[in-house]
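Below: one structure, written as structure tokens.
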Amino acid sequence: MPEADEDDEEEMPLSLRLSIADTLTLGNATCGFMAVYFTTTGILIPHLTGSQETGMARHSAATAVILMLCAAVFDLFDGLVARKLRSSPMGAELDNLSDLISFGLAPAYFVLVYGMVADDAHQRVAAVGAIVVLLAVVLRLARFSCVTVKDGTFQGMPSPFGALTVVSIVLLELPFVATLLAILGTAWLMVSRVEYPKPRGRLAVAMLTWIVLSMGLLAAWAFDAPSGQLLLQTGCALQLVMGAVIPLFATARRVNNFRDNRREARAAQLP
């Protein structure tokens, strides 16, 4: 009996030991939680208390989105580190839970608060949109754990990309109906079967560059820099364009591959 107890004491710490990749994943979750915090304290509470400090709301909104961008950076690097170094048995579960906070709860809550503070928004309808975003991320992450796809691709829009697209739609300040339809479309893309490339190599560098540039645009907007509003709207519009163009390219590639396969099959059947 004493020997069995000693074995249990030696095995338990191994399963609970965090790797470097796990630490980055926890940074992802922390950023997501802090994004919810700044959305609440800087946007929602001042609105409920009747404060008219638009500068504070702008700073808090920018901070919340920058934190989501930081979460995306952590999510990008924890995967790279996990492939290079050993990851713990908890790595995959920690990654899904952290993504749910940063790219499910945080953007959905951002949409919910938008529905409460925007002049032309409808709170209950916005709440439905927020729930759809949250459930889309939940379903996407669950499917990611169960479905095997070909190497180098994701099935459906990745949750970090989807979260940033959702907040970009809100920051564009479009009419409420257009905003809601665009948010629902993004949620559908996250649970669709459209193939998205995984951020590796040059694509990972391009994604990191875009995130850093987006942080700069948000900072310029938060501090009311000259043309800061225009720069932010341009960046948000580019995010939406990328979200719409990538599925079109992926669909065109699948159609071309299907046609090529049919031609090869017909050629093989000819005598």
Side-chain angles (χ1 to χ4, degrees), residues 21-40 61-80 82 91-114 126 129-147 149 153-171 179 182-192 194 196-199 203-204 207-208 210-212 214-215 218 235-236 239-240 242-243 246-247:
D22 296 335
T23 304
L24 294 174
T25 303
L26 294 178
N28 171 6
T30 302
C31 289
F33 175 78
M34 293 305 297
V36 173
Y37 169 79
F38 277 100
T39 303
T40 302
T63 302
V65 180
I66 287 174
L67 284 166
M68 293 184 212
L69 290 168
C70 291
V73 173
F74 280 119
D75 185 63
L76 175 65
F77 278 101
D78 70 359
L80 297 175
E93 300 300 329
L94 286 175
D95 189 58
N96 277 348
L97 292 172
S98 298
D99 286 353
L100 179 59
I101 296 172
S102 299
F103 311 124
L105 176 62
Y109 187 71
F110 199 82
V111 172
L112 179 65
V113 173
Y114 154 75
I131 292 172
V132 171
V133 171
L134 179 63
L135 294 181
V137 175
V138 170
L139 292 172
R140 198 214 173 284
L141 293 174
R143 187 178 65 182
F144 177 77
S145 301
C146 301
V147 178
V149 296
T153 62
F154 288 118
Q155 190 178 79
M157 179 183 286
S159 52
F161 193 87
L164 299 179
T165 303
V166 167
V167 297
S168 296
I169 294 169
V170 175
L171 292 176
T179 298
I183 289 172
L184 295 178
T186 303
W188 176 82
L189 284 174
M190 284 193 279
V191 297
S192 70
V194 177
Y196 285 77
K198 288 187 177 180
L203 186 58
M207 179 178 176
L208 183 61
W210 174 246
I211 290 174
V212 173
S214 299
M215 290 181 179
L218 286 163
C236 292
Q239 178 72 29
L240 265 66
M242 288 190 294
I246 292 177

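Since we're looking at a predicted model, the values are computed, not measured. Quick note: residue numbers are just sequence positions, from 1.
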Practice task
I would like to know whether F110 and V166 meet side chain to side chain contact (heavy atoms under 4.5 Å, CB included); could you show each step before the answer?
Solution key: CA-CA 9 Å; F110 199 82; V166 167; over 6 Å; no
Is any side-chain heavy atom of M215 less than 4.5 Å from a side-chain heavy atom of C70?
yes
The reported gap from CG in L218 to CG in L69 (rounded to nearest 0.5 angstrom) is 6.0 Å
I'd like a table of donor-acceptor pairs (distance under 3.5 Å, sequence neighbours excluded) in which one partner is a side-chain atom from residues 132-143, with atom names and distances.
from: R140; atom 1: NE; to: M157; atom 2: O; distance (Å): 2.7
from: R140; atom 1: NH2; to: G156; atom 2: O; distance (Å): 3.4
from: R143; atom 1: NH1; to: V191; atom 2: O; distance (Å): 2.9
from: R143; atom 1: NH1; to: S192; atom 2: O; distance (Å): 3.3
from: R143; atom 1: NH2; to: Q155; atom 2: O; distance (Å): 2.8
from: R143; atom 1: NH2; to: S192; atom 2: O; distance (Å): 2.8

Separation between CG (L164) and OG (S214), nearest 0.5 Å, reads 7.5 Å
Which donor-acceptor pairs under 3.5 Å do side chains of residues 95-107 form with protein atoms, sequence neighbours excluded?
from: N96; atom 1: ND2; to: S145; atom 2: OG; distance (Å): 2.7
from: S98; atom 1: OG; to: T25; atom 2: O; distance (Å): 3.1
from: S98; atom 1: OG; to: L94; atom 2: O; distance (Å): 2.9
from: D99; atom 1: OD1; to: N28; atom 2: ND2; distance (Å): 2.9
from: S102; atom 1: OG; to: N28; atom 2: O; distance (Å): 2.6
from: S102; atom 1: OG; to: N28; atom 2: OD1; distance (Å): 2.7
from: S102; atom 1: OG; to: G32; atom 2: N; distance (Å): 3.3
from: S102; atom 1: OG; to: S98; atom 2: O; distance (Å): 3.4

Do the non-hydrogen side-chain atoms of F161 and M242 ever get within less than 4.5 Å of each other? yes
Here the gap from T23 atom OG1 to D78 atom CG, rounded to the nearest 0.5 Å, amounts to 10.5 Å
Closest non-hydrogen atoms of G243 and Y196, given as atom of the first, atom of the second and distance, are O-OH, 4.0 Å
For F33, the side-chain contact (heavy atoms from CB on, under 4.5 Å) test, sequence neighbours excluded, returns none
Closest non-hydrogen atoms of A126 and V111, given as atom of the first, atom of the second and distance, are O-CG1, 3.9 Å
Across all chains, not counting sequence neighbours, the side-chain hydrogen bond (donor to acceptor under 3.5 Å, both in side chains) partners of T39 are none
Just so I know, are the side chains of L67 and F38 near enough to count as touching, which here means a heavy-atom distance under 4.5 Å?
yes
Residues at least two apart in sequence or cross-chain that pass side-chain hydrogen bond (donor to acceptor under 3.5 Å, both in side chains) with T40, listed by chain then number, are Y109
d(C31 SG, M68 CE) to nearest 0.5 Å is 11.0 Å
Those residues at least two apart in sequence (or on a different chain) that pass side-chain contact (heavy atoms from CB on, under 4.5 Å) with T179 are Y114, I169, L174, I183
Value for CZ (F77) from CG (L24), rounded to nearest 0.5 Å, stands at 9.0 Å
